[in-house]
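We number each residue from 1, following the sequence as shown.
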Amino acid sequence: MSPLVAWGRIPRVTRLWIMLTLVVLLLVLPAFLHLFLDPTSAYEIRISRALESPSSTEWFGTDALGRSLWSRTVLGFALSVGIICKALAVAMPLSLILGLCAGFWAGRWPDHLISWVIAVIYTTPFFLLVVALAAVIGSGLTVLPWIIGGIIWAAPARVVRSETRRLVTGSFVRYERALGFSPIIILTRSLLPMITAPAAISLLYLVPEIIGIDAVLSLFGLGAQPPQATLGALIYDGLRRWDAAPWLSGLPTLLLVCYALGIYSLTSGLSSQLGRPRRFRA
């Protein structure tokens, strides 16, 4: 029996839980990689071992200061994934609350105001907004998730708005209104459970874009500050020595691409299991 046939025979609900578990593990576990690594190898300066190529002792080689690139890549990966998780945690409730309000009171002032804010975010380049806010508010790993989460909520909020408008016209909402249910009860008990999945999937599709933001911020010195280094900062620093030491940026880039492809594949599978094979763009 082929793996595809075996997978198809698994009940749909079980497949859904398997895909959801894999997505959560891929998002959460990398953020704790630094707990299993000695941080001194990532920050210890050894000039005599500068720019060593990958070997059995140094899997990813060393950087210009002789620091272990493997250790720095693992720590940078953990920092980058931590930023992603925090940004998603900020964006998810924003997209649900604002999208629900805009869809439930469609055509009224809440919808006009929220739709105007979404339109402003959409008409401004995503990276430009992040760079501008980071330059004004401040840089660093503490502020960055709030800035990213305060921008990427627009894409899932628009999805939530359209889904809410569709559900509001359903007979079950009319029955609840006829029975005297308040809008808060209708929103939280009936509509919120039904639109949480589309919002989460649309946010997961934005993970590769979130990963790329850090590399852009590193170009402007607004990302992680030395001696800390996220994957974006490692890639940017390595590009300046591409001719002499291509592994400095090549290996972190490979890890970054594999992670982004893994998230995208699992999200597509989860979307298919939910019957919503859509892709959303910020």
Side-chain angles (χ1 to χ4, degrees), residues 18-34 59-60 69-70 72-92 95 125-131 134 141 144-145 147-149 151-156 159 197-220 222-224 228-239 242 246-274 276-282:
I18 292 174
M19 297 297 297
L20 182 60
T21 302
L22 291 175
V23 170
V24 173
L25 289 177
L26 196 57
L27 280 175
V28 174
L29 288 184
F32 297 95
L33 288 175
H34 65 283
W59 295 352
F60 279 21
L69 186 59
W70 165 253
R72 291 182 63 77
T73 300
V74 171
L75 290 178
F77 187 39
L79 289 175
S80 296
V81 173
I83 292 173
I84 294 171
C85 294
K86 292 175 184 177
L88 294 179
V90 172
M92 188 65 181
S95 62
F126 185 58
F127 291 111
L128 182 59
L129 271 177
V130 176
V131 171
L141 300 180
L144 189 57
I147 296 176
I148 297 175
I151 295 176
I152 63 173
W153 65 268
V159 175
I201 290 175
S202 64
L203 271 178
L204 288 174
Y205 272 122
L206 296 176
V207 168
E209 288 192 52
I210 299 174
I211 295 175
I213 290 175
D214 178 59
V216 175
L217 290 177
S218 298
L219 296 174
F220 299 93
L222 299 174
Q228 290 181 321
T230 58
L231 281 182
L234 290 174
I235 293 171
Y236 170 68
D237 292 338
L239 287 175
W242 176 259
W247 62 86
L248 291 181
S249 60
L251 295 177
T253 300
L254 180 62
L255 178 62
L256 186 62
V257 171
C258 291
Y259 182 74
L261 289 176
I263 288 289
Y264 182 85
S265 300
L266 288 176
T267 304
S268 298
L270 183 61
S271 177
S272 299
Q273 295 303 319
L274 289 171
R276 299 179 179 275
R278 303 177 184 176
R279 182 179 180 182
F280 308 102
R281 179 181 177 276

Side chain of Ser80, backbone of Leu231: donor and acceptor closer than 3.5 Å? yes
CD1 on Ile263 to CG on Leu206, rounded to 0.5 Å: 12.0 Å
Under the ring pair (Phe, Tyr, Trp, His ring centres under 6.0 Å) rule, collect the residues that match up with Trp59, sequence neighbours excluded. Trp70
Would the distance check show the side chain of Ser202 and the main-chain N or O of Ala199 forming a donor-acceptor pair, the cut-off being under 3.5 Å? yes
Side-chain heavy-atom pair Val207, Leu88 within 4.5 angstrom cut-off: yes
So, using side-chain contact (heavy atoms from CB on, under 4.5 Å) as the criterion, who are the partners of Leu79 when residues are at least two apart? Leu141, Gln228, Thr230
Name all residues meeting the side-chain contact (heavy atoms from CB on, under 4.5 Å) criterion together with Ala91; count only those two or more places apart in sequence or in a different chain, and write none if there are none. Ile152, Trp153, Leu203
Heavy-atom side-chain proximity of Phe60 to Leu234 below 4.5 angstrom: no
By side-chain contact (heavy atoms from CB on, under 4.5 Å) - contacts of Ala89 (at least two apart): none
Heavy-atom closest contact (Pro156 atom, Ser95 atom, distance): CG-CB, 3.6 Å
In Å and rounded to the nearest 0.5 Å, what is the CD1 to CD1 distance from Ile210 to Ile148? 6.5 Å
All ring pair (Phe, Tyr, Trp, His ring centres under 6.0 Å) counterparts of Trp247, not counting sequence neighbours: none
Atom pair CD1 (Ile18) and CG (Leu266), whose distance is rounded to the nearest 0.5 Å: 12.0 Å
Side-chain donor/acceptor pairs under 3.5 Å, residues 21-32, sequence neighbours excluded:
{"unit_1": "Thr21", "atom_1": "OG1", "unit_2": "Trp17", "atom_2": "O", "d": "2.7"}

Exactly one candidate in Leu256, Leu254, Leu261 meets side-chain contact (heavy atoms from CB on, under 4.5 Å) with Cys258; the answer is Leu254
